[in-house]
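Position 1 is the first residue of the sequence; numbering continues from there.
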Amino acid sequence: MKDVPIPPSAPHLPDAYRLSEARGEHVQAQPRCVFIEVTNRCNLACAACVRSVRWPEPPRDLTLDEFDALIEQFPALERAVLHGIGEPLLNRQLPEMIRRLKKRGVTVLFNSNGTLLTPDRQEALALSGLDEYRLSLDSADPRLYESLRGRPLFDRVVRNVREFVATQKRLGVKGPKLSLWCIGMKENIEQLPELVRLAGEIGIAEVYVQRLVYLLDPRQRRGLAGPEQTLFGRLAAREREIVAECARLGKALGIAFRASGATDPDESLSAARKGEERPWRACLRPWTTAYITAQGNALPCCIAPFAATHYDELVLGNIWEKSFVEIWNDAPYRRWRGRLLGDSPPEACSGCGVCWSL
């Protein structure tokens with residue numbers, strides 16, 4: 001297979017996601033961005049999460065020794081995202097892990113549901129050097145929150161984050177930057193303006209909308225999200241009005257209203273690439289990033305577990321059995337890249353750009 005040119009990147013993506021060489025099955029550069037599951041345990045049962053329905057890896061936390069051994073395998077590491085399938089704050093060693101990464105000059109962030117952001121954790125995170133704390137919150141209504149997240153903890157989350165802002169001020173630290181991340185769905189589209197207002201009240205200056213990812217095969221969903229819930233490529237007139245209202249509201253409140261992938265929500269939710277040939281080929285993830293689970297498995301990206309029926313097909317190697325340097329250009333990774341650049345992508349990639357967004 002001939003090398004494929006690099007597709008244009010969003011201008012605001014961090015440098016760690018960029019690639020300087022043409023894409024082929026083999027990639028010379030080691031990943032500079034690594035997603036690390038510090039735990040795969042969670043205290044919620046979110047309706048749209050694969051962990052709530054089926055997750056084959058047994059629950060576990062990374063130990064400090066394992067964490068040290070893991071990050072040593074990534075000499076080019078610039079950006080560490082400490083989440084995956086699970087709630088990072090369940091790992092009590094998280095602040096120390098952050099400190100060890102900061103000693104290497106690595107940018108560190110993670111998503112969290114906010115339910116465990118107790119005063120002691122607030123102070124530990126504020127003093128750890130953490131660069132960004134991303135609050136996952138899909139509703140400003142307690143009842144809808146409980147329906148989507150599985151537990152009636154909305155008020156606790158809001159209280160915790162308010163206190164976190166106050167803790168940062170008390171300690172005189174600027175970080176971590178706080179942002180709010182929401183999965184845009186049919187169920188919560190009417191809630192978006194209230195989420196922007198809530199962010200302003202709490203003291204969060206950035207709100208991001210993410211696309212819903214779901215299994216293409218309806219026979220395999222078994223309670224997971226489906227296409228009837230998605231907004232991607234299906235924004236109706238009323239929904240466009242809501243997105244525009246959020247943008248105006250954000251501007252008035254001094255809040256950046258954005259979408260994941262360094263784009264704006266209207267473009268992100270609207271731009272289905274159904275007319276394009278092989279839209280999945282725009283992906284750069286298997287060339288620029290790595291995702292390591294709490295069990296040490298290397299997966300192609302953080303979206304794949306939500307979009308694939310057979311988990312075993314996602315595992316490209318295990319860092320406790322083989323070094324990541326070997327895994328990165330071993331046969332499974334090369335096959336994955338080759339298929340992604342061809343006409344028959346892996347199952348986890350076949351919906352990207354068509355049924356959900358890259």
Side-chain angles (χ1 to χ4, degrees), residues 8-14 17 46-49 111 113-114 132 134-145 147-149 154 157-158 161 177-214 225-276 279 282-283 302-303 306-307 351-358:
S9 298
H12 302 298
L13 281 176
Y17 289 100
C46 300
C49 183
N111 281 29
N113 60 42
E132 184 176 358
R134 296 178 171 181
L135 173 66
S136 296
L137 187 64
D138 301 325
S139 172
D141 176 71
R143 288 173 296 181
L144 181 57
Y145 175 92
S147 174
L148 295 173
R149 296 285 178 165
F154 174 81
V157 172
V158 173
V161 181
K177 178 178 73 174
L178 302 180
S179 56
L180 188 154
W181 292 67
C182 163
I183 298 175
M185 299 175 283
K186 292 289 185 181
E187 292 99 317
N188 67 355
I189 181 67
E190 295 283 346
Q191 288 282 309
L192 289 185
E194 290 305 314
L195 270 176
V196 175
R197 290 190 181 91
L198 178 63
E201 293 172 7
I202 294 174
I204 297 177
E206 296 180 3
V207 174
Y208 290 80
V209 179
Q210 296 176 280
R211 285 83 53 173
L212 179 70
V213 179
Y214 55 89
E228 68 281 356
Q229 296 170 268
T230 188
L231 298 173
F232 179 61
R234 299 171 56 189
L235 280 185
R238 169 58 182 155
E239 292 157 354
R240 287 186 180 278
E241 291 176 4
I242 293 172
V243 171
E245 179 185 350
C246 289
R248 291 192 298 268
L249 184 59
K251 187 174 182 179
L253 296 175
I255 296 173
F257 181 59
R258 298 171 177 160
S260 56
T263 185
D264 67 84
D266 185 71
E267 177 185 353
S268 174
L269 295 174
S270 303
R273 297 178 173 85
K274 292 184 180 180
E276 294 186 16
C283 181
C302 61
I303 296 174
F306 293 84
C352 269
V354 180
C355 300
W356 55 82
S357 181
L358 296 169

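To the nearest 0.5 Å, atoms CD (Gln210) and CG (Asn111) are separated by 6.0 Å. Residue Ser147 holds its OG atom at 10.5 Å from CG of Asn188, rounded to the nearest 0.5 Å. The CG atom of Leu198 lies 9.0 Å from the CD1 atom of Ile255; values are rounded to the nearest 0.5 Å.
With sequence neighbours excluded, the residues satisfying side chain to side chain donor-acceptor pair (under 3.5 Å) with Glu132 are Arg134, Ser179. In terms of the side chain to side chain donor-acceptor pair (under 3.5 Å) criterion, residue partners of Glu194 (sequence neighbours excluded) are, by chain and number, Arg197.
Listed here is the closest heavy atom pair of Leu180 and Ile204: N-CG2, 3.7 Å. Considering every non-hydrogen atom in both Pro193 and Leu249, the closest pair reads O-CD2, 3.4 Å. When all heavy atoms of Phe154 and Ser139 are compared, the closest pair comes out as CE1-O, 3.2 Å. In plain terms, the two heavy atoms of Glu241 and Arg248 that are nearest each other are O-NH2, 4.5 Å. A pairwise comparison of heavy atoms in Arg149 and Leu137 identifies NH2-N, 3.7 Å as the closest pair. Pairing each heavy atom of Cys182 with each of Asp138, the nearest pair is CA-OD1, 3.5 Å.
Listed for the Glu206 side chain is no donor-acceptor partner under 3.5 Å among the backbone atoms of Ala256.
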Q) What's the verdict on side-chain contact (heavy atoms from CB on, under 4.5 Å) for Leu135 and Leu178, showing C-alpha distance, side-chain angles and the deciding distance? A) CA-CA 7 Å; Leu135 173 66; Leu178 302 180; over 6 Å; no
